[in-house]
Amino acid sequence: MRTRLQKWSLLLGAAAVLALPPASCAQLTQYDLESRIGMESHIGSITGHAKDAKTAYRRYCTGCHGDLGDGNGENFPWVDPKPRDFQLGIFKCRSTPTGTLPTDQDLFDTIARGLDRSNMPQWSTFTKEERADLVAWVKHFSPRWVNEKPGTPIEIPPEPEITPERIKAGRDVYARVQCWKCHGVLGQANGPSAATLTDDLSRPIAAYNFTEGSRPKCGDTDRDIYRVFMTGLDGTPMPSFADNIKPDEAWDLVFYLRTLMSQPSKAKTMAKQLGLKPVDPNAPAGQQ
Amino acid sequence: MRKESSFAAVLSAVVLVCSGALILNQKVSAAGEGKISGTVRLDGPAPHMKGIEMSKDPYCAKAHANEPAHLEQVVVGSNGGLQNVVLYITEGLPASALAEAPKEVLVFDQKNCMYTPHVLAMDAGQTFKVTSSDQTTHNIHPLPNPMTGNIPWNQSQPPGAAPIEKSWKAPEVIPVKCNIHPWMNGWHVVVKGPYAVTDGSGNYSINNVPPGNYAVTAWQELYGTQTQKVTVAAGKAGTADFTFKAK
């Protein structure tokens, strides 16, 4: 028979194990947040103030993102993908390299654009000033904005003229860096690794399906698409390819990705005229 | 002629002085730095490590065609010696021993769709290089808790990619994974101060430990940590053996 002491030490031991920090439950308190209420954001000539966003956040955002910004609002159980945990300071849509904080402008754009295929709508109803205040409010949830600076946005050269050669070269990049491992040879998100993908919190996550007509998560301009694979979508399996795709090749890849998408485009028409075939995953390197 | 001989004399004098200084230096450091060594063992039968099915990537499957890969959570060698246990000092190190991370650059290789080594220990601030020996694309995705000061990142390494050089700021046990090959998992164990990892026989030796009283901790990915006290006397190594119970 166990003594009371033994029972207690068992319980305490179990509690200690549970208290080991999984990334999602960093213990922030209202007090920590108060200390950062002076947080600002700077978008062009607009300065946002966290303190001015309190009412809007409580009305429109708390339901999913929670009072403490930990993504644990009352809608949490019903929402998938799960609401972002702002305390971690990790964001998908950035203009900055993987592992760095996004710029204020990046967060501002995400709020306006919303996130396709999630419960995050477009918040175009807010004025720019209100949105800037909300950016500052989002930042005040994470101590990272006190301790770190945002990353330096990647440089994107001007978009070149699209040509059949560039589309073909883009297909070779798709084959060489093996985008098809997750996104599939036709961009249908059915590559050999697609079924087992999980996000940073070990929750299942789907690769982007280029063919089903939905908007890319971080915007649908060519520059937005360029940015996705050159910065990675932090918190997800999508890595940064910045070290392995040169800027000029990156544009080729953007053009090729357009041929996979169902939306009509110049690239799609050109690919059709070319009779472009999908990549062959079994072809030896450099022989597509 | 004369010029030449005087040059030779100067040269030999320089060589003599230099080698003398070298020898002296070695003696000084040998007297000032001891070590803690020992063996880590597993008590009981080693748990079965499942084989890994790699057929979704033919390159990986082919690399293991003759010798199937297994999970590496518990690797037991001769006499129950436990491999991949990280030993580090949790109490007693003087500030001077913590001041600077070692200059040695560590290597974390992706080879045959596994991490080599499976457990990489390092000092906070020490540089490590992520390399790929494989002809398949990996993404290297460490998952630290950003609240510690270590920030997660996620970079691809297609065949032939250049090594990635990084370091971690703060002590933390960091899981590393490849999303493309979901069986790939490894560990970066970041500590402060000198450390060691057990070899295939469970043996380890933490070098560069000045004489003093210490607490040494052993970390194993499945069994957690154990700590014991150990004394390093001048000129005499401290010994600390650990035993983890098989589960």
Side-chain angles (χ1 to χ4, degrees), chain A residues 16-17 20-28 85 87-90 97-101 142-144 147-148 151 173 175-182 191-202 205 207 229 231-245 281-282 284-285, chain B residues 52-62 113 130 132 134-185 219 223-225:
Chain A
V17 168
L20 281 173
S24 60
C25 39
Q27 293 295 313
L28 269 200
D85 177 349
Q87 296 183 6
L88 301 175
I90 294 173
T98 179
T100 61
L101 291 172
S142 179
R144 287 186 59 194
N147 305 326
E148 299 166 45
V173 177
R176 173 173 64 83
V177 304
Q178 303 184 350
C179 309
W180 53 267
K181 279 246 165 87
C182 297
S193 298
T196 49
L197 295 176
T198 54
D199 71 7
D200 282 15
L201 301 175
S202 299
I205 190 170
F229 57 79
T231 64
L233 302 183
D234 283 0
T236 83
M238 177 69 191
S240 161
F241 287 84
D243 289 348
N244 300 296
I245 299 179
N282 300 316
Chain B
I52 301 173
E53 225 276 294
M54 296 189 181
S55 60
K56 70 162 68 176
D57 191 327
Y59 172 84
C60 306
K62 202 173 159 197
C113 306
V130 181
S132 178
D134 285 342
Q135 289 301 309
T136 187
T137 296
H138 291 295
N139 73 307
I140 170 107
H141 194 171
L143 294 161
N145 176 352
M147 295 303 171
T148 60
N150 296 325
I151 309 303
W153 46 265
N154 183 6
Q155 284 181 233
S156 67
Q157 281 194 315
I164 299 169
E165 274 201 18
K166 297 271 184 185
S167 65
W168 294 113
K169 268 190 209 161
E172 186 183 357
V173 175
I174 301 171
V176 180
K177 70 175 185 177
C178 170
N179 299 91
I180 298 168
H181 305 106
W183 60 82
M184 287 177 74
N185 91 294
W219 172 92
Y223 301 133
T225 57

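Letters A, B, ... mirror the listed sequences (proteins, then strands); counts begin at 1. Please read all numbers here as calculations on a predicted model, not as lab measurements.
- Residues meeting the ring pair (Phe, Tyr, Trp, His ring centres under 6.0 Å) test with B:His181, sequence neighbours left out: B:His138, B:Trp183.
- Heavy-atom pairs under 4.5 Å with chain A peak, among B:Asn154, B:Ile180, B:Thr148, at B:Asn154.
- Both the backbone and the side chain of A:Thr198 come within contact range of chain B, each with at least one heavy atom under 4.5 Å from a heavy atom of that chain.
- Residue B:Ser55: no heavy atom, backbone or side chain, is found under 4.5 Å from chain A.
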Only distances under 3.5 Å count here; give the side-chain donor-acceptor pairs of residues 163-170 of chain B to other protein atoms, sequence neighbours excluded, each with its distance to 0.1 Å.
residue	atom	partner	partner atom	Å
B:Lys166	NZ	B:Gln155	OE1	3.2
B:Trp168	NE1	B:His188	ND1	3.1

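- Although no hydrogens or angles enter the test, the distance criterion places a donor-acceptor pair under 3.5 Å between the side chain of A:Asp234 and the main chain of A:Gly99.
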Could you walk me through whether B:Tyr59 and B:Met54 pass side-chain contact (heavy atoms from CB on, under 4.5 Å), step by step? CA-CA 9 Å; B:Tyr59 172 84; B:Met54 296 189 181; over 6 Å; no
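- For B:Gln157, the part lying under 4.5 angstrom from a heavy atom of chain A is the backbone only.
- Under 3.5 Å, the side chains of B:Ser156 and B:Asn139 contain no donor-acceptor pair of N or O atoms.
- For the options A:Asn282, A:Thr236, A:Ile245, A:Leu233, heavy-atom pairs under 4.5 Å to chain B are most numerous at A:Thr236.
- Contacts between A:Asp243 and chain B at a heavy-atom distance below 4.5 Å involve the side chain alone, from C-beta outward.
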